[in-house]
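Each remark here refers to the structure printed beneath this line.
Computed over heavy atoms, backbone and side chain alike; hydrogens, waters and symmetry mates excluded. In what follows, every chain begins at residue 1, and chains take the letters A, B, ... in the order their sequences are listed.
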Number of protein chains: 2
Amino acid sequence: MTVTIKDIARVANCSYATVSRALNNKPGINAQTRQRIVNVAGQLGYQPNAIARGLVMQRTHTIGLVIPDIVNPFFPEIARGVEDVASDHGYTVFLCNTNWDQTKENVYLKALQEKRVDGIIITPSIDLSSANGTDYAYLNEISLPLVIFSGQSSTGGHSYIEIDNHRGGFIATKHLIEAGYRRIAFIGGRESSHSNSERLKGYKSALTSYEIPIDDNFITNHDFYSESGYALMESLLSLPNPPDAVFTGNDIIALGVLECLQKRGIRVPEDFGVVGFDNIIFSGYPQIQLTTISQPQYLMGKLAAEILLNEINGLSTKGVRKTILEPELIIRKTTRKLNFPYNIREKSR
Amino acid sequence: MTVTIKDIARVANCSYATVSRALNNKPGINAQTRQRIVNVAGQLGYQPNAIARGLVMQRTHTIGLVIPDIVNPFFPEIARGVEDVASDHGYTVFLCNTNWDQTKENVYLKALQEKRVDGIIITPSIDLSSANGTDYAYLNEISLPLVIFSGQSSTGGHSYIEIDNHRGGFIATKHLIEAGYRRIAFIGGRESSHSNSERLKGYKSALTSYEIPIDDNFITNHDFYSESGYALMESLLSLPNPPDAVFTGNDIIALGVLECLQKRGIRVPEDFGVVGFDNIIFSGYPQIQLTTISQPQYLMGKLAAEILLNEINGLSTKGVRKTILEPELIIRKTTRKLNFPYNIREKSR
DNA sequence: AATATAATATCAAACGTTTGCAATCGAAAC
DNA sequence: GTTTCGATTGCAAACGTTTGATATTATATT
């Protein structure tokens with residue numbers, strides 16, 4: 001049925017070793033025979049079998065990308081970044097979407113290893129640094145090149161790349177404070193997510209810096225979905241002394257928050273400020289104009305892939321590489337301008 | 001380094017044929033030996049080599065998904081759908097994002113075949129039915145199970161699934177007409193895209209049904225991106241006799257259109273109506289509220305994968321299967337309510 | 001006790017490549 | 001006319017599985 005190297009050898013009248021060498025531009029083949037073989041291969045419509053090749057080469061030119069939520073526009077940009085560099089280097093990527101499901105994450109990781117991918121990029125659905133060891137020990141058991149995206153290695157044994165989430169949370173909150181909001185709440189996503197908990201820490205740190213007391217009732221977490229943002233906003237507003245601003249775990253949550261606010265007829269930014277995180281493309285749309293913290297998504301995807309590919313090809317200098325990017329505050333229309341002489345001085349962090 | 005079936009055989013003191021059968025729950029193995037082997041495998045941390053298995057089985061439990069734009073929220077939902085059913089059936093999916101680049105599409109298709117995927121789901125970047133044969137002959141040369149997503153087979157040789165784009169274009173335009181808009185323009189995406197040209201045909205057909213003349217100046221095409229929608233809206237507005245409504249090739253374009261309109265201070269829906277296509281999640285957000293044509297994205301992804309898997313496993317009744325779903329008009333806030341007694345009768349299509 | 005039968009285990013080929021080593025072949029060198 | 005050398009080419013093993021055919025063993029049957 002399918003044509004193999006042996007078929008070519010038969011019609012080109014040579015051994016299949018020669019065919020292999022000719023087709024792969026290996027040295028030591030007569031130019032004419034090479035040409036003859038190439039012609040025959042073309043005529044027969046030969047398509048090399050990457051599976052067979054992978055078996056002997058112990059390399060599949062395949063990488064795995066494990067992400068928690070392909071529907072959040074943050075991740076497609078990442079995926080595009082890794083995919084672009086992967087394909088530029090002749091690699092193909094397995095997409096694994098976990099829906100924040102740890103079990104699924106484990107299943108995928110196992111499958112990827114069985115499929116003998118050359119490396120893995122993963123956004124773990126839980127915080128490796130705080131998780132109890134047993135849960136996520138498996139990540140440390142992976143001997144493949146692996147880069148952790150937006151999360152840190154629990155052992156320090158893997159490269160990772162992320163934005164400085166703590167700082168991101170800090171400048172977001174600082175901005176709210178400077179814009180004159182005082183009762184600032186936090187609506188996070190998954191409590192167990194690394195990025196989420198770092199952002200929360202940044203939030204707390206900013207409040208502390210400005211000597212604003214931290215109110216535990218103002219700190220909420222649930223999901224990285226807008227429904228969750230909507231619901232938590234509802235509950236925050238029903239507090240006896242509700243907040244006048246909120247910093248959210250990501251932009252999607254913020255959209256839910258905005259929806260709630262609009263429904264309640266609360267004016268943004270006049271009476272209520274909101275700052276998101278990620279700067280997904282939709283946050284910049286004129287109807288939304290969400291103030292947020294920017295992550296260079298496509299670039300981060302590219303970087304992650306480059307780091308991984310270097311590691312795969314043994315080019316990385318001494319293994320583990322930690323890349324931390326600077327977050328950037330994007331001021332738009334969901335926070336008011338600083339025009340209150342509040343006379344506040346930021347304490348050093 | 002890595003432990004193989006032979007290692008297990010050695011310590012379990014049996015042949016590796018036995019190990020294989022034991023681990024795969026094949027019959028004819030003594031319960032005790034099986035248990036012993038399973039134990040050994042566990043102790044050694046054995047991970048089956050899917051590459052080797054794929055070579056002998058001629059099956060990789062892998063499918064390819066080729067889409068033109070992972071960043072358009074339409075496609076991540078699709079991807080999630082196919083991935084969910086794939087993973088439920090023990091399949092892994094290669095994600096291939098072409099950025100509407102035909103060359104890239106070809107490269108990917110070749111790579112997928114070389115990697116011996118069991119099947120492919122593809123949204124072709126050009127219209128197969130109208131493309132000149134040579135260009136897209138390659139799709140017909142693919143002997144793998146293949147389902148065409150949102151596009152039709154040029155030969156009828158492949159299954160496909162899509163929404164009725166013609167009808168979608170028709171009801172979108174009809175709605176604009178019934179809402180009282182009269183100078184209705186079309187801002188499409190890729191002219192060569194199947195779905196786009198079908199939607200355009202539907203648009204024309206609706207105008208004709210209502211005896212509204214078709215103005216070629218009102219028919220524009222470029223990209224499926226919002227920048228393109230913005231730019232084309234600009235140019236339409238600079239026409240001596242500009243339109244008062246627009247039907248766009250997809251929601252993303254509509255967002256660009258809306259942005260332009262807002263910038264120009266044109267009131268929507270009072271003075272200008274816009275209808276999109278796809279009903280991506282963001283179209284429903286309170287700040288956007290775009291009237292559009294709905295496609296059940298996740299479901300379509302699931303269906304595509306199910307059809308493909310059936311074909312792979314030889315379950316499909318007699319090969320080619322054509323699935324065409326009904327589009328649904330979602331009326332929101334970018335078109336005004338029908339409150340003009342225009343006294344118009346729809347001609348039968 | 002000898003034979004038939006069923007249960008279990010092994011052998012070896014196959015899947016389609018790559019590659020170290022050996023073999024061949026001309027021609028150049030002596 | 002040998003010998004030697006370099007350029008080509010071929011051989012065969014290896015990668016890690018699966019599986020049909022066969023061999024072995026234990027049990028049941030007479």
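- With D/dA21, D/dT18, C/dT18 as the candidates, the nucleotide lying closest to the side chain of B/R21 is D/dA21.
- Taking atom CD on B/Q35 and atom P on C/dT8, their separation rounds to 15 Å, with Å as the unit.
- For the pair A/N13 CG and D/dT8 P, the interatomic distance rounds to 18 Å; values are reported in whole Å.
- Annotation: cation-pi geometry not satisfied between A/R190 and A/F224 (NZ/CZ under 6.0 angstrom from ring centroid, within 45° of ring axis).
- Residue B/R53 places its side chain closer to D/dT18 than to any other of D/dT18, C/dG16, C/dT8.
- Although no hydrogens or angles enter the test, the distance criterion places a donor-acceptor pair under 3.5 Å between the side chain of B/E83 and the main chain of A/N97.
- Here the closest heavy-atom approach between residue B/T60 and residue A/K115 is recorded as O-NZ, 3.2 Å.
- When distances are taken from the side chain of A/I5 to each of D/dG16, D/dT19, C/dT18, the shortest belongs to C/dT18.
- Ring pair B/F94/A/F94 is parallel by interplanar angle, where below 30° counts as parallel and above 60° as perpendicular.
- Atom CG in B/L23 sits about 11 Å away from atom C1' in D/dT17, given to the nearest Å.
- Residues B/G28 and B/R116 both approach DNA chain C. Their nearest nucleotides, taken by heavy-atom distance, put B/G28 toward the 5′ side.
- The phosphate of C/dT17 (OP1 or OP2) has no side-chain N or O of A/S20 nearer than 4.0 angstrom.
- Nucleotide D/dT18 holds its C1' atom 14 Å from the CD1 atom of B/I8, rounded to whole Å.
- The separation between B/Y46 atom OH and D/dG16 atom P is 10 Å, rounded to whole Å.
- Put simply, CG on B/N24 is 13 Å from P on D/dG20, counting in whole angstrom units.
- Looking at A/R59 and A/N313, their side chains do bring a donor and an acceptor atom within 3.5 Å of each other.
- The side chain of A/A17 lies closest to C/dT19 when the candidates are C/dT19, D/dG16, C/dT17.
- Between the CE atom of B/M57 and the P atom of C/dA14 there is a distance of 18 Å, given to the nearest Å.
- A close approach under 4.0 Å does not occur between any side-chain nitrogen or oxygen of A/S15 and OP1 or OP2 of D/dC11.
- Here the shortest heavy-atom pairing between B/M300 and B/Q295 reads CE-OE1, 3.4 Å.
- Considering only side-chain atoms of A/N49, the nucleotide from C/dT18, C/dT17, C/dT10 that sits closest is C/dT17.
- Comparing C/dT17, D/dT17, D/dT19 against the side chain of B/Y16 picks out D/dT17 as the nearest.
- Contact between the side-chain N/O atoms of A/N30 and the OP1/OP2 oxygens of D/dA7 is not found at any separation under 4.0 Å.
- Out of D/dT9, D/dT18, C/dT18, the shortest distance to the side chain of A/K26 is found at C/dT18.
- With distances taken from any side-chain atom of B/T33 to the nucleotides C/dA9, D/dT18, D/dT9, the minimum falls on C/dA9.
- Closest contact between the side chain of B/I29 and the listed nucleotides D/dC15, D/dG10, C/dA9 involves C/dA9.
- Phosphate proximity of C/dA14 to B/Q58: absent, as no side-chain N or O sits under 4.0 Å from OP1 or OP2.
- C/dA14 atom C1' lies 16 Å from atom CD1 of A/I51, rounded to whole Å.
- Picking from D/dG16, C/dT18, C/dA12 the nucleotide with the shortest atom distance to the side chain of B/T2 gives D/dG16.
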